[in-house]
Visitor: 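Quick one: the structure is below, questions incoming.
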Number of protein chains: 2
Amino acid sequence: MSDGQRAVTITEVAARAGVSISTASKALNRRGQLRNETRERVFAAADELGYQPNALARSLVQRRSYTVGLLSTESADRFNIPLHLGLENALGAGRVSVFLCDGRADPERERFYLESLLSRRVDGIVVTGVRTDARPPLADVPLPVPVVYAYSRSADPGDLSVLPDDEQGGRLAAEHLLAAGRRTFAHVTGPTEYAAVRDRLTGFRAALAEAGVALPDARVRCGPWREEFGRAATAELLAARPEVDAVFCGNDLLARGALDTLRESGRRVPEDVGVVGFDNWGVLAEGARPPLTSVDMDLQGLGELAARRLLSLIEGNRESGLVHHPCRLEVRASGGGPAVR
Amino acid sequence: MSDGQRAVTITEVAARAGVSISTASKALNRRGQLRNETRERVFAAADELGYQPNALARSLVQRRSYTVGLLSTESADRFNIPLHLGLENALGAGRVSVFLCDGRADPERERFYLESLLSRRVDGIVVTGVRTDARPPLADVPLPVPVVYAYSRSADPGDLSVLPDDEQGGRLAAEHLLAAGRRTFAHVTGPTEYAAVRDRLTGFRAALAEAGVALPDARVRCGPWREEFGRAATAELLAARPEVDAVFCGNDLLARGALDTLRESGRRVPEDVGVVGFDNWGVLAEGARPPLTSVDMDLQGLGELAARRLLSLIEGNRESGLVHHPCRLEVRASGGGPAVR
DNA sequence: GACATCTCGGAAAACCCTTTCCGTGGCGAG
DNA sequence: CTCGCCACGGAAAGGGTTTTCCGAGATGTC
């Protein structure tokens, strides 16, 4: 609590251990050739003094801060939590800390944070977003540190972007519903301006086609990412084509809406109609009636992947282009497919 | 993108401006007495070179890193997002960056992060949680930096904790429902081990009592924070006391469950029964039928408050104890109270 | 003309480390 | 005995800033 007393420095540790500063440094960092006895004396001294090396000074001389910036561009989003967790998993082991900055979808603010990160000499930057659509790169000049875009895609092909494999996610949904014997499919999803919307549909359709099942445009409804739209679109779909027995939704919110409309129209899920969502948003999927089967983008895994790639860039390797991370299916009740593996 | 070229230092700026290093420093930081012409020459040089001061070096000499740690103890939670936003609002202006660490409810991990933050010489630490119950302080020894607990409460009364005013939040709900003419109240909420559960109930009851309305224990249901429990508890409540015309829920998930059960039992909300939730969890509240009126803890405001207090502690002021931040009511349709102001 | 007072800008110490380079003493080999 | 090598540990040079202190010249006052 109380501030004031200066932190203990390596000088004091060295003095107490009766060695020079450089020897203390070597002992503490397990460098150089030291007698065991010396090393231990230094450690003991450090311990007794409660020595905490000053990372600032260390960074200065090593020219490596062991920090990275996490710059979330779009306004704070729940997607960032698992992403950050994954990042920490992969970085924490290497003792890298992360600066979190929320750009709030404001380019000005983004620039401000970028400068701040640069001036703090981060070793790298991860840019996250909530869209897989290409966005302008962080800066129009080459940056002095490596950058990776995670759940966000740079328009510059020289940049590295890691993204969920939406197309494969769409396939997953189709395969699950097909396996349950569904024949008449529908898709309720978000605005077509989202690359994710188009990719998920592409994968979904492709898997259906391979099974000889068609998904005409009339049974694809695009609208806002809102529960209300899920309900309304499903109602329209049922009115136009009552024999629909499978609905794939572009996210879990829409799926919740679909589920409600289906139940209220007298359909049983999953007996009469199978439903699969996207995002696997915990509380939402679990609280649904019945619990919602949903495609999980494994954002944590995505974060880990991004971190590993960033580390690799920091090592000096060159990587660029798009990297896709596979989705997996979280099977609950609504799909009616085979039980959980 | 490309790494390698050394960052430009103040030495180069000084050389280019034809002044000494110290003069350059003074110019850049608007310190000391310099002719305007000199100052401008330095700025121009800095600009042309794209100079970014090295925050590491600056921190070292100033003994102030202008960074703070945000240590979230419980596993990553959506509560942390608005909290972080508020923190950034209040800190960003002072150009303070934040290190984000997720303790994952693991004391070991928490200690690890604490050490890491300390070694990075953060100026202060904000500890966040998802419970308002007292928790053991971050360390059992006095820390060299100030700490504030936000949406988290240290068991040490010498520490400073900022918390939402759950009691007042409960009153808000009661007043809103009373204003709509409700008479027979019920409460569906989380486990009684949560201080938040008890506080919200206390406030709710107090406000009812002031209006001469009683809330017998039989109409208070405590259970897990899950939608399913919201549905089940509401059903029980209705069976035991069909004339219930107001339900206050301990969070929005429970409220969603309550809403569903009410609708399916033939009640109209808000005409027959008023419902108020807690948390004002955007998508959940907006997507509800009808849209859910909910108590908002203003976590962003809480974060700002925490940041301001932390800054004050960093300035050297002494503060301790509990600080409560008021909740506000987000009026939508489900309460049936007076329209939005 | 002497002296005090300003204004401007530089030299150097300090911040706390890491790392390179070197010196010393001990040992084995020839 | 000499040489070369190795193990160990110290001196000192950075790393990039800020800040204190001081000196030099210009100006003002009597």
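Every chain is numbered from 1 and lettered A, B, ... according to where its sequence line falls, protein lines coming before strand lines.
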Visitor: Provide, to the nearest angstrom, the distance between the CZ atom belonging to B:Arg63 and the P atom belonging to D:dG16.
Guide: 21 Å

Visitor: Under 3.5 Å, is there a donor on one side chain and an acceptor on the other for B:Ser97 and A:Arg120?
Guide: yes

Visitor: Once you round it to whole Å, what is the distance between C1' of D:dT17 and CZ of A:Arg121?
Guide: 11 Å

Visitor: Tell me the interatomic distance from A:Ile10, atom CD1, to C:dC16, atom P, rounded to whole angstroms.
Guide: 12 Å

Visitor: Any idea which heavy atoms bring B:Pro137 and B:Tyr149 closest together, and the distance?
Guide: CA-OH, 3.4 Å

Visitor: Taking 4.0 angstrom as the limit, do A:Arg309 and A:Glu304 come out as a salt bridge?
Guide: no

Visitor: Can you give me the bend angle of the helix from C:dG1-D:dC30 to C:dG30-D:dC1? Use the axis through the first five pairs and the one through the last five, nearest 10 degrees.
Guide: 50°

Visitor: Measure from CG on A:Leu56 to C1' on C:dA14 and round the result to the nearest Å.
Guide: 15 Å

Visitor: Take A:Gln33 and A:Ser22, find for each the nucleotide of DNA chain D with the closest heavy atom, and name the residue whose nucleotide sits nearer the 5' end.
Guide: A:Gln33

Visitor: Could you check B:Lys26 against B:Tyr51 and say which one's nearest nucleotide on DNA chain D is further toward the 5' end?
Guide: B:Tyr51

Visitor: Hey, which sits more toward the 5' end of DNA chain C by its nearest nucleotide, B:Ala24 or B:Val61?
Guide: B:Ala24

Visitor: What's the CG-P distance between B:Asn54 and C:dC16, to the nearest Å?
Guide: 16 Å

Visitor: Measure from the side chain of B:Leu60, starting at C-beta and using heavy atoms only, and say which of C:dT18, D:dT19, C:dC15 lies closest.
Guide: C:dC15

Visitor: After noting the C-alpha distance and the side-chain angles of A:Glu110 and A:Arg135, does the key distance pass the salt bridge (Lys or Arg N to Asp or Glu O under 4.0 Å) rule?
Guide: CA-CA 13 Å; A:Glu110 194 173 309; A:Arg135 51 151 284 160; 2.7 Å; yes

Visitor: Under 4.0 Å, heavy atoms only, any strand: does A:Ser25 hit a base, just the sugar-phosphate, or nothing?
Guide: base

Visitor: Can you check the A:Leu28 CG to C:dC16 C1' distance for me, whole Å?
Guide: 13 Å

Visitor: Could you report the tightest heavy-atom contact between A:Pro164 and A:His324, atom names first, then the distance?
Guide: O-ND1, 3.5 Å

Visitor: By the 4.0 Å heavy-atom rule, please label B:Ile21 as base, sugar-phosphate, or nothing.
Guide: base

Visitor: What is the separation between atom CZ on A:Arg64 and atom P on C:dT18, rounded to the nearest whole Å?
Guide: 15 Å

Visitor: Need one value for A:Thr38: base, sugar-phosphate or nothing, where a base atom within 4.0 Å counts as base even if backbone is also close, heavy atoms only.
Guide: sugar-phosphate

Visitor: How far does CG of A:Asp165 sit from CZ of A:Arg328, to the nearest 0.5 angstrom?
Guide: 15.0 Å

Visitor: Which comes earlier along DNA chain C counting from the 5' end, the contact point of A:Thr23 or that of B:Ala57, where each point is its nearest nucleotide?
Guide: B:Ala57

Visitor: Compute whether any side-chain donor of one residue and acceptor of the other, for B:Asn89 and A:Arg104, lie under 3.5 angstrom apart.
Guide: yes

